[in-house]
Amino acid sequence: MDFLAVCFYNYGRIINKNQLPERIIKAEGISNPYASRKGSAMNFSKKEYEQIFHFLNEIRVPPSLFRKKVQTSLADLFGYSRSIFWLADHHGNLYSPEIWNISDQVLYDYMECFFQYDILHPKKQLATFPTYPALRIDDVMSLPEYEKTNYYFMFMRKYNYYHEMVVYFMDEGKLCGVIGMARLQEEKPYTEKDCKRLTFLSNHISHVLGNYMRLEDISYQKRLLEARTNVSTTGFVLVDYTHNIHFVNEAAQHICQTFKRGASSIEEFLHYYVYSHPNWKAGINIKISFPGSEHWTLQVVPEIKGILTDHPNRYGIYLFSEEEMEQKTVEQRLSRRELEICELVIKGRTNEQIANELWISINTVKKHLRNIYEKLNVANRTSLAYKLTAIFN
């Protein structure tokens, strides 16, 4: 093999059967399902291989710059001067477009109306692009037929566009992104060679884009977890089986500081109350007391998944105060209507006022109250009001 072939052969994550140049595939006797498109082999010149290698080096950028760098490199190296790079979900829905050399008005019109007429929209080609990642209009229909479509007549022609090609990016068998390209009528049409080149490049772009999207999803889950847990009075700590801490919310930090009057770290707290328990990895539910006569429930839930990570050996540690546990118990025991009545009891409403506000009869109010007394183990309305006020305040 020459030096360029060796570079391709050893280039990071692109090295697999579907991504090797044809000359290497032939030399090594590798079977490559993407080595041909419509029966013609993917043979590039040395200059084209050099451009491809240069492209793959150029797009090694941080995630926030990746899509724009792909677009500019495609324009500079291969002449694909107009493009929209979309993210996509697994159902073919497009979102978060990045435009290159295409006007905002074109994008607006497309998103408002004409996406539904787009012949190469992924929703219309779901059965096609796993086999052919790069498609042109004339791969799908004849150009005379295309010129009669609403998509061309009302949208493409309006902006003097004629030629269109779309590249679909698949990661782990699922759609993750799409690049749409357009050329003016007086410009040269997209060729079979364009399709082969972009089919080749799509393998690497798909892999990198899929990884970046997974990282973004993990980051989003972390932000969502922080937003949800930091407004809660429930303490939450996420640890792994080797005691590494992956997340601590503000409530847990405050609770742990009260242990030994603020002289303790999160690690000391966990060693004292959790890791000293022989079966903590199987899940525990214990009562603990803090200085100042505060009573808490500590619960360990094993194998937390889908929060920050999909790794199975993660453990969620929850800290509930007695009052919070009591409140949760009340909310779980009572129906929605019973909770509405409890709220009005706390406000001092009479049975008649409750009936009028909730548009129910007085007998129905009394029936609900009897059920509430039984569920919360209280004898009368006064005891109920006292208990509810203590819990919800």
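Each residue takes its place number in the sequence, starting with 1.
Using modelled atom types, one side-chain atom of Lys68 and one backbone atom of Ile99 make a donor-acceptor pair closer than 3.5 Å. Formation of a donor-acceptor pair under 3.5 Å by the Asn101 side chain with backbone atoms of Ser81 is found in this model. Between the side chain of Asp139 and the backbone N or O of Arg136, at least one donor-acceptor pair lies under 3.5 Å. Side-chain N or O atoms of Glu268 include one that pairs as donor or acceptor with a backbone N or O of Ser265 at under 3.5 Å. A donor-acceptor pair is defined here as one N or O able to donate and one able to accept, closer than 3.5 Å; no such pair exists between the side chain of Thr364 and the backbone of Ile360. Under the 3.5 Å distance criterion, the side-chain polar atoms of Gln353 are matched with a main-chain donor or acceptor of Thr350. In this structure a side-chain-to-backbone donor-acceptor pair under 3.5 Å is present from Glu145 to Ser142.
In plain terms, the two heavy atoms of Asp171 and Gly210 that are nearest each other are OD2-CA, 3.6 Å. Between Val178 and Phe169, the shortest heavy-atom distance links the atoms N-CD1, 3.9 Å. Residues Ser96 and Arg67 share a closest heavy-atom pair of O-NH1, 2.6 Å. Contact record, Gln71 with Ser83: NE2-OG, 3.0 Å, taken as the closest heavy-atom pair. Smallest separation of non-hydrogen atoms from Pro122 and Leu175: CB-CD2, 3.8 Å. Closest of all the heavy-atom pairs between Met154 and Lys158 is O-CB, 3.9 Å.
Here the CG atom belonging to Asp194 is positioned 5.5 Å from the CZ atom belonging to Arg183, to the nearest 0.5 angstrom. Tyr80 OH to Thr72 OG1: the interatomic distance, rounded to the nearest 0.5 Å, is 15.0 Å. Here NZ of Lys123 is found 12.5 Å from CG of Asp118. Values are rounded to the nearest 0.5 Å. Taking CD from Glu267 and CG from Asn244, the interatomic distance works out to 10.0 Å, rounded to the nearest 0.5 Å. We find the CD1-CG distance between Ile52 and Leu77 to be 10.0 Å, quoted to the nearest 0.5 Å. Going from atom CD of Glu338 over to atom NE2 of His368 covers 6.5 Å, rounded to the nearest 0.5 Å.
The closest side-chain donor-acceptor pair between Ser206 and Asn203, if any, does not fall under 3.5 angstrom. Side-chain polar atoms of Thr199 and Ser202 form no donor-acceptor pair below 3.5 angstrom. Under 3.5 Å, the side chains of His207 and Asn211 contain a donor-acceptor pair of N or O atoms. A side-chain donor-acceptor contact under 3.5 Å links Glu58 and His54.
Ile59 and Trp100 fall into different hydrophobic clusters, where Ile, Leu, Val, Met, Phe, Trp and Tyr residues are linked whenever their side-chain heavy atoms come under 4.5 Å apart, directly or through other members. Both Tyr95 and Val70 sit in one connected hydrophobic cluster of ILVMFWY residues. Membership requires side-chain heavy atoms under 4.5 Å apart, directly or through other members. Taking hydrophobic clusters as Ile, Leu, Val, Met, Phe, Trp and Tyr residues chained together by side-chain heavy-atom distances below 4.5 Å, Val208 shares a cluster with Ile179. Cluster membership for Ile362 and Leu384, using ILVMFWY side-chain heavy atoms within less than 4.5 angstrom, is not shared.
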Between Arg337 and Glu340, is the salt bridge (charged side-chain N to carboxylate O under 4.0 Å, His left out) condition met? List the steps. CA-CA 5 Å; Arg337 178 64 82 188; Glu340 290 175 341; 2.9 Å; yes
Working for side chain to side chain donor-acceptor pair (under 3.5 Å), residues Tyr159 and Asp109: CA-CA 11 Å; Tyr159 294 103; Asp109 285 352; 2.4 Å; yes
Stepwise, does the salt bridge (charged side-chain N to carboxylate O under 4.0 Å, His left out) test hold for Glu147 with Arg157? CA-CA 9 Å; Glu147 291 171 2; Arg157 193 173 75 161; over 6 Å; no
Passes side-chain contact (heavy atoms from CB on, under 4.5 Å), His246 versus Val237? Steps please. CA-CA 8 Å; His246 293 267; Val237 185; over 6 Å; no
Decide yes or no on side-chain contact (heavy atoms from CB on, under 4.5 Å) for Lys174 and Met170, but give the supporting numbers first. CA-CA 5 Å; Lys174 296 177 180 178; Met170 303 285 289; 5.6 Å; no
Before giving the answer on side-chain contact (heavy atoms from CB on, under 4.5 Å), spell out for Leu270 and Ile266 the whole-Å C-alpha distance, their side-chain angles and the decisive distance to 0.1 Å. CA-CA 6 Å; Leu270 295 177; Ile266 298 287; 4.0 Å; yes
Does the pair Leu120 and Glu164 meet the rule for a side-chain contact (heavy atoms from CB on, under 4.5 Å), with working shown? CA-CA 8 Å; Leu120 299 181; Glu164 182 181 3; 4.1 Å; yes
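Taking 4.5 Å as the limit, some side-chain heavy atom of Leu369 sits within range of a side-chain heavy atom of Ile341. In this structure the side chain of Trp86 reaches within 4.5 angstrom of the side chain of Ile84, judged on heavy atoms. A heavy-atom distance below 4.5 Å is found between the side chains of Tyr273 and Phe269. Tyr146 is listed as a side-chain neighbour of Tyr162, based on a closest heavy-atom distance under 4.5 Å. Side-chain contact between Met165 and Cys195: present, with at least one pair of heavy atoms (C-beta onward) separated by less than 4.5 Å. Using a 4.5 Å cut-off on side-chain heavy atoms (C-beta onward), Phe85 and Val167 make no contact. Residues His163 and Leu184 fail the side-chain proximity criterion, which asks for heavy atoms closer than 4.5 Å. Side-chain contact between Glu192 and Lys196 is present, with heavy atoms from C-beta onward closer than 4.5 Å.
For Phe114 and Tyr110, the gap between ring centers reaches or exceeds 6.0 Å. You'll find the ring centres of Tyr315 and Trp280 inside the 6.0 Å limit.
Aromatic ring orientation, His121 versus Phe115: tilted (interplanar angle from 30° to 60°). In this structure, Phe44 and Phe200 have perpendicular ring planes: the angle between them is above 60°, well past the 30° mark.
In this structure, Gln105 places its CD atom where more than 12 heavy-atom neighbours from other residues, nucleotides or ligands lie under 6.0 Å away. Residue-environment remark: OH (Tyr275) exceeds the threshold of 12 foreign heavy atoms within 6.0 Å. Heavy-atom contacts from other residues, nucleotides or ligands closer than 6.0 Å to CD of Glu186 number more than 12.
Seen from the ring of Tyr373, Arg370 does not count as a face-on cation partner, given the 6.0 Å and 45° thresholds.
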